[in-house]
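Quick note: residue numbers are just sequence positions, from 1. We use all heavy atoms of the structure for the numbers below, so side chains are in, but hydrogens, waters and symmetry mates are not. One-based numbering, in listed order, for ligands and for the atoms of each.
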Amino acid sequence: MLKQYALKLPGKVFCGENALEKIKDILAAEGAQHVAVITDKGIRAAGLTDLVLTQIESAGVRYTVFDEVPVEPTYQQAQTLVDQCGSVQTDLLIAVGGGSVMDAGKLASMLVLGTLTVKDLLETPGKAKKQVKTIMVPTTAGTGAEATPNAIVAVPEKELKVGIVNENMIADYVVLDAAMIKKLPRKIAAATGIDALAHAVECFTSNKANPLSDAFALPALKMILNNIEAACDDPEAIEQKQSMQLASFYAGVAITASGTTAVHALSYPLGGKYHIAHGVSNAILLVPVMRFNLKDEAFCARLAEAHDACYPANTLASCSEKACALIDRMDEIVRHLDIPTCLREFNVPESDLETLVEAGMQVTRLLVNNMRPVTAEDAREIYRQIL
Ligand SMILES: NC(=O)c1ccc[n+]([C@@H]2O[C@H](COP(=O)([O-])OP(=O)(O)OC[C@H]3O[C@@H](n4cnc5c(N)ncnc54)[C@H](O)[C@@H]3O)[C@@H](O)[C@H]2O)c1
Ligand SMILES: [Zn+2]
């Protein structure tokens, strides 16, 4: 656990029933004249962008909508969005979408006035300062991107996804309204919910874990374990969906204070090379990596601590029983939600094993957070299990 730690939070978070109405107050407080609304076609077709536009219209503020953010954009595609936003004079950016849209919006907030590019930030992430304030309105639950200083882009020439981290990218405002995730299709709710689960458990068991990150990671984990199935299965389970939305935000805060570990590290090449959705690749790796980590005593003790916090009435005696029970519960969730558990469905040939190992081992930014050191041989064994 870190001896020194810090946490930067979004400026203001609005949460709960009709939280979207607060957008009017934000626009007034900021004296906004012309806002850029960043979103994607799927969210627009689901009628969610309109819910935000109604608020902007009733505030009497002009807006321009940019709805062409692709799923899990490359850095070149993120640059296109930056350039589009730069073509109009806006004084506030509102990102309405999942992690893909929010990350693209964060990059735009740093680069919209020109001079630097997304490629520059890939090379020197700390180089830029925020140029335009942001409001994040997540529509998945989720990446927690509304809370983090990270923007993840695909780098096609490396067949990898790369996280750009700059604390200036933390949102100025976050609006969590369950109306945005009410009709989230089950498949997307399942994958993005597992992503939040991975954030919570990885941040709690990370070498960077600390009291501040624990304060968010543990309640996030508990909320997810108690609500994820109902939130995904039952369209009317609005309370459970609200809990998932809050949990994914908490898990995002935990990322900001701590950091994810080998699940996310080894998952990056699966997104970068085979375009497997971020939540799905994490779901495939979550249980195998947790089982690999079990051999580390300190990890086992932390997972047992998480188990006790989430299931205080349990009567299990040893750390290893508790840690195993928590991993079994995660396995049960992944299976219940019908998320693929191996790479066969994505036509990943066995002959790609070495390329995967090489790419996964490059994600040192996150591998260093893993309590049990991961060697290339370990990564090979984990990938072999999921082929
Ligand atoms: N910045 C961070 O801290 C962070 C953390 C984790 C993941 N990420 C990144 O976020 C991206 C993934 O984001 P995501 O998992 O939220 O998915 P996404 O943003 O890629 O969206 C996936 C699909 O879901 C659709 N969709 C989203 N919300 C919907 C809704 N309410 N109703 C109907 N359709 C909806 C979108 O239109 C899209 O087609 C990846 O690039 C990942 O690397 C970032
Ligand atoms: Zn993630």
Side-chain angles (χ1 to χ4, degrees), residues 10 38-52 67-75 77-78 95-107 134 136-155 160-167 169-171 177-203 231 235 241 244-245 248-249 251-256 258-261 263-272 275-283 285-286 339 363 366:
I38 298 164
T39 187
D40 72 26
K41 299 273 187 218
I43 289 146
R44 210 159 185 194
L48 298 170
T49 316
D50 285 344
L51 297 180
V52 172
D67 65 2
E68 286 174 359
V69 178
V71 168
E72 309 207 9
T74 62
Y75 72 91
Q77 289 167 329
V96 186
S100 299
V101 164
M102 289 190 281
D103 284 359
K106 288 182 202 177
L107 290 167
T134 53
M136 298 282 150
V137 188
T139 64
T140 57
T143 62
E146 67 276 15
T148 72
N150 310 353
I152 320 288
V153 288
V155 179
L160 198 61
K161 294 195 72 185
V162 175
I164 298 172
V165 185
N166 179 322
E167 74 168 38
M169 285 199 288
I170 291 191
D177 188 325
M180 302 309 267
I181 61 161
K182 197 167 172 220
K183 293 184 188 147
L184 193 60
R186 185 177 189 267
K187 214 172 151 190
I188 302 174
T192 54
I194 296 283
D195 188 27
L197 170 61
H199 295 161
V201 72
E202 285 179 80
C203 287
K241 288 176 198 285
M244 284 301 294
Q245 196 175 43
S248 72
F249 171 75
V253 176
I255 295 180
T256 311
S258 170
T260 53
T261 60
V263 177
H264 269 69
L266 298 183
S267 130
Y268 274 0
L270 302 181
H275 310 292
I276 301 174
H278 178 76
V280 173
S281 57
N282 285 323
L285 280 157
L286 180 63
I339 304 177
V363 192
L366 304 181

Novice: List the atom of Ala147, the atom of Gly252, and the distance in Å for their closest heavy-atom pair.
Specialist: CB-C, 3.7 Å
Novice: Measuring from the Zn ion (ligand 2), name the closest N, O or S atom belonging to Asp195.
Specialist: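 Result for Asp195 and the Zn ion (ligand 2): OD1.
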Novice: Collect the protein residues that have a non-hydrogen atom under 4.0 Å from ligand 1 and hand them over in chain and number order.
Specialist: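 The 4.0 Å shell around ligand 1 contains Asp40, Gly42, Ile43, Leu48, Val71, Glu72, Gly98, Gly99, Ser100, Asp103, Lys106, Thr139, Thr140, Thr143, Ala145, Thr148, Asn150, Ile152, Lys161, Met180, Leu184, Pro185, Ile188, Thr192, Asp195, His199, His278.
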Novice: Can you name the nearest heavy-atom pair linking Met180 to Pro138, along with the distance?
Specialist: CB-O, 3.6 Å
Novice: Search all heavy atoms of Val153 against all heavy atoms of Thr74 and return the closest pair with its distance.
Specialist: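 For Val153 versus Thr74, the nearest heavy atoms are CB-C, 4.2 Å.
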Novice: As a quick check of understanding, evaluate side-chain contact (heavy atoms from CB on, under 4.5 Å) for Thr49 and Asp67, giving each step before the final call.
Specialist: CA-CA 9 Å; Thr49 316; Asp67 65 2; over 6 Å; no
Novice: side-chain contact (heavy atoms from CB on, under 4.5 Å) for Tyr75 and Ile164? Distances and angles first, verdict last.
Specialist: CA-CA 10 Å; Tyr75 72 91; Ile164 298 172; over 6 Å; no
Novice: If we check side-chain hydrogen bond (donor to acceptor under 3.5 Å, both in side chains) with Lys161, which of these qualifies: His264, Glu72, His275, His278?
Specialist: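 In the set His264, Glu72, His275, His278, the residue that makes a side-chain hydrogen bond (donor to acceptor under 3.5 Å, both in side chains) with Lys161 is Glu72.
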Novice: Need the atom name: nearest N/O/S atom of His264 to the Zn ion (ligand 2).
Specialist: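 So the atom name we want here is NE2.
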Novice: Work out which heavy atom in Asp195 is nearest to a heavy atom in Thr143; give both atom names and the distance.
Specialist: OD2-CA, 3.5 Å
